[in-house]
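In listed order, ligands and their atoms are each counted from 1. Not measured: the values here are computed from a predicted model.
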Amino acid sequence: MKTLVIATTNPGKVKEISRLLAGLSLNILSLADFPAIPQVEETGSTFTENAIIKARHAAKYTGEMSLADDSGLEVDALDGKPGIQSSRFAGPGATDAQRNKLLLSLLKDTPDEKRTARFHCVVAIASPSGETQIFDGVCEGLITREPRGAHGFGYDPVFFVPEYGKTMAELPPEVKNEISHRAKAVKASLCFGSFFGAEADSR
Ligand code: IMP
């Protein structure tokens with residue numbers, strides 16, 4: 001069975017991505033299985049550049065095919081911000097609640113029809129020799145006026161999904177895992193299973 005390293009130590013992300021890859025016969029590991037690997041700096045200026053940096057770094061140090069994702073929230077009324085700064089928006093050490101509060105305050109005078117936004121995810125899969133494939137996923141929505149819901153993480157409580165009439169944080173995790181930007185990008189990568197040497201599971 002081929003091995004695929006998910007280039008993150010975030011257990012939530014590993015779980016979410018592993019579930020999406022369950023149809024392929026793969027031995028899935030994560031960076032938590034390789035504690036000696038040095039941390040990589042995300043020096044790219046786009047999601048794509050950062051995903052490639054992380055996937056190549058993990059593939060080089062583990063000697064295994066590696067998958068990395070980079071994602072964030074793009075708000076149209078803020079010219080695409082916070083974008084690649086999504087996790088650092090509101091400064092280092094800020095909490096999700098503080099980032100959401102800042103976002104809502106920046107949009108306090110923005111009318112409903114202009115509160116369009118999307119979660120965007122780029123997945124990169126790299127081989128130890130540096131060959132790389134990239135896959136994109138987006139999930140469109142609107143920024144609410146107040147946080148709602150307790151599931152998920154990050155900007156989920158302020159991200160309204162019109163098709164469901166709920167914020168991402170009000171949707172059960174199984175639903176989020178079907179419709180999210182990450183789900184779409186990882187699912188797009190499934191048809192390239194042969195790239196990372198996985199056999200499609202016959203189940
Ligand atoms: P990263 O791809 O793990 O670096 O995520 C970047 C940041 O984007 C996260 O820290 C969150 O603030 C935000 N983000 C990415 N994906 C999601 C999501 O599914 N829900 C809510 N926020 C997200």
Protein contact of atom 1 (P) of ligand 1 - nearest heavy atom, named by residue and atom, plus distance: Lys13 NZ, 3.5 Å
Side chain, backbone, both or neither: Met168 near ligand 1, heavy atoms under 4.0 Å: neither
Shortest heavy-atom approach to atom 19 (O) of ligand 1 - which of Arg99, Glu16, Lys176: Lys176
Closest protein heavy atom to atom 10 (O) of ligand 1, given as residue, atom name and distance to 0.1 Å: Ser87 CB, 3.2 Å
Closest to atom 13 (C) of ligand 1 among Tyr155, Phe89, Phe47, Phe159 (heavy-atom distance): Tyr155
Protein heavy atom at shortest distance from atom 20 (N) of ligand 1: Asp156 OD1, 2.7 Å
Short N or O distance, Arg182 and ligand 1, threshold 3.5 Å exclusive: yes
Pair Glu178 + Lys187, salt bridge at N-O below 4.0 Å: yes
Check: His181/Asp136 side-chain N/O donor and acceptor closer than 3.5 Å: no
Residues Arg145 and Asp112 bridged, charged N to O under 4.0 Å: yes
Reference residue Asp76; test side chain to side chain donor-acceptor pair (under 3.5 Å); the match among Arg118, Arg115, Lys114: Arg118
From CG (Leu142) to CD (Glu140), nearest 0.5 Å: 9.5 Å
Per-atom contacts, ligand 1 versus Gly154 - under 4.0 Å to a heavy atom: 21 (C), 22 (N)
Phe119, portion touching ligand 1 at heavy-atom distance under 4.0 Å: side chain
Part of His181 within contact of ligand 1 (heavy atoms, under 4.0 Å): side chain
Heavy atom of Asp70, distance to ligand 1 below 4.0 Å: yes
Contact check, side chains of Leu103 and Val158, non-hydrogen atoms, under 4.5 Å: yes
Output field: ring centroids Tyr61/Phe34 closer than 6.0 Å: no
Of the listed options Ser86, Ser71, Gly72, closest to atom 6 (C) of ligand 1 (non-hydrogen atoms): Ser71
Side-chain H-bond candidate by donor/acceptor type, Ser129 with Ser127, under 3.5 Å: yes
Nearest-neighbour protein heavy atom for atom 14 (N) of ligand 1, which is reported as residue plus atom name and distance: Phe153 CE1, 4.0 Å
From Lys101 atom NZ to Glu146 atom CD, the distance as rounded to the nearest 0.5 Å: 12.5 Å
